[in-house]
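Every chain is numbered from 1, with letters handed out A, B, ... down the list of sequences. As a basis for the values below, the full set of heavy atoms in this structure was taken, side chains included, without hydrogen atoms, waters or symmetry mates.
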2 protein chains.
Amino acid sequence: MTANRQFRLIARPTQRASAANFSFAESPVPAPSAGDALVRVRYLSLDPTNRIWMSDMDQYMPPVELGAVMRGVGIGEIVASNTDKYAVGDIVTGLLGWQDYCLVSETGGVSVLPKGLPISLPVMLNVLGGTGLTAYFGLIDLAKPKAGETLIVSAASGAVGSVVGQIGKSLGLRVIGITGGPEKCRHIVQDLGFDAAVDYRAADWQAQLVAATPDGIDINFENAGGEIMEAVMGRMNLFGRMSLCGMISGYNTGEKMAFDYSPMLMRRLTVRGFIITDFADRFMEGIGALAGMLLAGKIKSNETIAEGLENVPAALNRLFDGDKLGKLMLKVS
Amino acid sequence: MTANRQFRLIARPTQRASAANFSFAESPVPAPSAGDALVRVRYLSLDPTNRIWMSDMDQYMPPVELGAVMRGVGIGEIVASNTDKYAVGDIVTGLLGWQDYCLVSETGGVSVLPKGLPISLPVMLNVLGGTGLTAYFGLIDLAKPKAGETLIVSAASGAVGSVVGQIGKSLGLRVIGITGGPEKCRHIVQDLGFDAAVDYRAADWQAQLVAATPDGIDINFENAGGEIMEAVMGRMNLFGRMSLCGMISGYNTGEKMAFDYSPMLMRRLTVRGFIITDFADRFMEGIGALAGMLLAGKIKSNETIAEGLENVPAALNRLFDGDKLGKLMLKVS
């Protein structure tokens with residue numbers, strides 16, 4: 001292949017993103033200068049945070065600039081190198097972007113993955129990547145779970161949620177997942193071992209939430225935001241902990257909702273927002289623990305893999321439609 | 001005096017409380033049975049939480065039952081005793097209620113204050129009572145301040161807020177107070193030593209907030225709730241801490257407001273609700289520290305003292321009108 005196809009952000013979406021927000025054009029595959037290497041992108045991670053990066057809302061990294069290649073985490077292979085840091089054949093992960101090829105510098109950017117593990121690239125990008133690390137540190141470090149406590153997680157059949165619930169079960173917690181539709185509810189209980197599921201698309205979802213949490217909730221791992229977060233907050237026990245990982249419900253609209261946050265005071269909750277990069281200096285600790293759980297069968301990895309770089313914008317919206325199980329990614333090559 | 005005047009809650013207020021929510025009637029002063037003692041109420045503490053207790057909202061203690069004497073913290077003197085636990089002349093503090101006399105049991109209830117301190121009863125009820133303890137534990141324990149950080153406190157000229165700010169200054173923090181009107185702004189800066197004030201009654205209060213926090217905010221001690229809390233949250237620095245002590249703005253209406261809580265995630269805030277009784281086993285530690293600061297002149301105690309038991313309901317509303325400085329209390333006898 002001699003062309004590098006790239007998605008560049010040309011207009012910030014105000015509702016959901018679509019191909020109209022991007023240019024999609026070919027340019028020559030670049031040759032690495034001294035100190036650089038060339039990565040062939042293999043898989044792109046599709047995450048709610050992609051949608052945040054497209055906007056100019058207050059966020060944890062600078063928004064993607066108009067005209068720039070769309071930012072995205074991926075996994076790829078070094079195919080040409082002009083530095084001793086990377087060898088041809090190395091598998092790397094980092095911010096590779098929505099493109100076929102990516103130049104990386106020896107002074108920054110991507111990490112070389114360990115060789116020889118019996119773990120596929122999609123699983124590397126999922127449980128041993130930012131997804132698994134987010135679940136691990138957000139649950140273990142921020143919420144400090146104790147066996148016997150009740151944990152609830154929203155977006156429970158999704159990438160982070162499904163790992164959070166499985167780690168919770170391995171720690172002896174009672175685990176309830178909130179997800180959309182009967183099939184996903186069945187999946188998290190029967191396939192992943194959650195104790196109960198709440199179907200937020202059902203008319204009686206709030207009654208289901210009450211029924212599933214007869215002893216209240218000690219830990220909330222929040223991915224949803226909005227009315228789901230508000231309802232969960234109303235079920236929290238005294239001194240409950242909330243790990244605030246994401247609030248996907250508001251990412252496409254930016255609307256504020258009327259929110260009763262009084263339980264934060266009355267129940268004396270501890271609510272902690274976090275972004276996985278906050279734990280960058282402890283990634284190796286997390287990857288080790290997650291690999292152990294994975295190889296011991298305590299975590300099942302689950303990926304939904306779209307194909308074809310040209311399909312990235314449409315594939316991303318499957319996150320917001322809930323049209324996938326586990327980690328959503330896209331196979332580029 | 002042979003009559004005991006008592007306020008009993010007869011109708012829960014839906015907006016602000018008034019005399020119409022209570023019966024105010026005389027009954028005979030009770031004689032203490034074996035194991036009991038009789039307290040002559042001297043001062044009643046008037047606090048936003050009184051308004052919460054009148055409602056049946058979800059709260060941290062049971063609501064006051066209809067027909068019961070209105071709950072209130074006070075300070076009083078033992079005037080008759082039928083137990084070795086209390087001697088006539090002892091000064092006690094606890095939930096004495098909105099009445100002239102209160103029976104207390106040797107098995108629970110009130111604490112005897114130390115004798116011989118050069119500290120008046122109003123100051124005992126203020127800086128060395130629940131007010132000072134709330135400021136102390138909410139700031140020191142929950143927010144873990146470090147010298148040089150920026151602290152903001154709402155309801156800054158009020159009972160808790162004025163102590164929070166003064167403790168903050170003694171720890172080397174930059175301290176900004178939010179309060180209502182030019183006189184209170186002057187008071188907290190000139191009399192109490194705050195670095196800056198934001199007048200939330202001014203049309204440009206949000207611009208004042210920005211101007212007063214050029215380096216953002218590291219710690220928020222929240223007493224107000226509502227749009228003030230939202231605006232402060234939008235100025236918080238990465239990894240900022242919020243001690244959630246009160247949200248007085250919503251107590252009279254119970255209305256939910258549209259609230260942008262996304263900074264909790266994006267700025268990775270830690271938000272912790274608390275009630276001072278959570279620290280009951282450490283009150284002596286707090287009282288010791290506060291007495292030290294008080295006697296060293298690092299904290300000025302400031303009370304607004306209404307008079308006459310019959311005036312309690314009207315006096316309480318001075319909290320919500322902002323019509324007082326420092327700790328509001330009522331002298332009963």
Side chain, backbone, both or neither: which part of [X] has a heavy atom under 4.5 Å from chain A?
X      : result
B:R241 : neither
B:M242 : neither
B:I275 : both

Open item on the list: So for atom CD, which belongs to A:E285, do other residues, nucleotides or ligands contribute more than 12 heavy atoms lying within a distance under 6.0 Å?
Closed with: yes
- [ ] State whether the number of non-hydrogen atoms from other residues, nucleotides or ligands found under 6.0 Å of B:E227 atom CD is greater than 12.
- [x] no
- [ ] May I ask you to check whether A:Y261 and B:Y261 place their ring centers less than 6.0 Å from one another?
- [x] no
Open item on the list: Please find the pair of heavy atoms, one from A:L265 and one from B:L244, that lie closest to each other, and give the distance.
Closed with: CD1-O, 3.1 Å
TODO: Please report the shortest heavy-atom distance between A:M266 and B:Q59, naming the atom on each side.
DONE: SD-CA, 3.8 Å
- [ ] Just do the side chain to side chain contact (heavy atoms under 4.5 Å, CB included) check on A:M264 and B:M247 with the steps written out, would you?
- [x] CA-CA 11 Å; A:M264 289 199 291; B:M247 303 190 292; 5.9 Å; no
Open item on the list: Any non-hydrogen side-chain atom of B:L142 less than 4.5 Å from a side-chain atom of A:R268?
Closed with: no
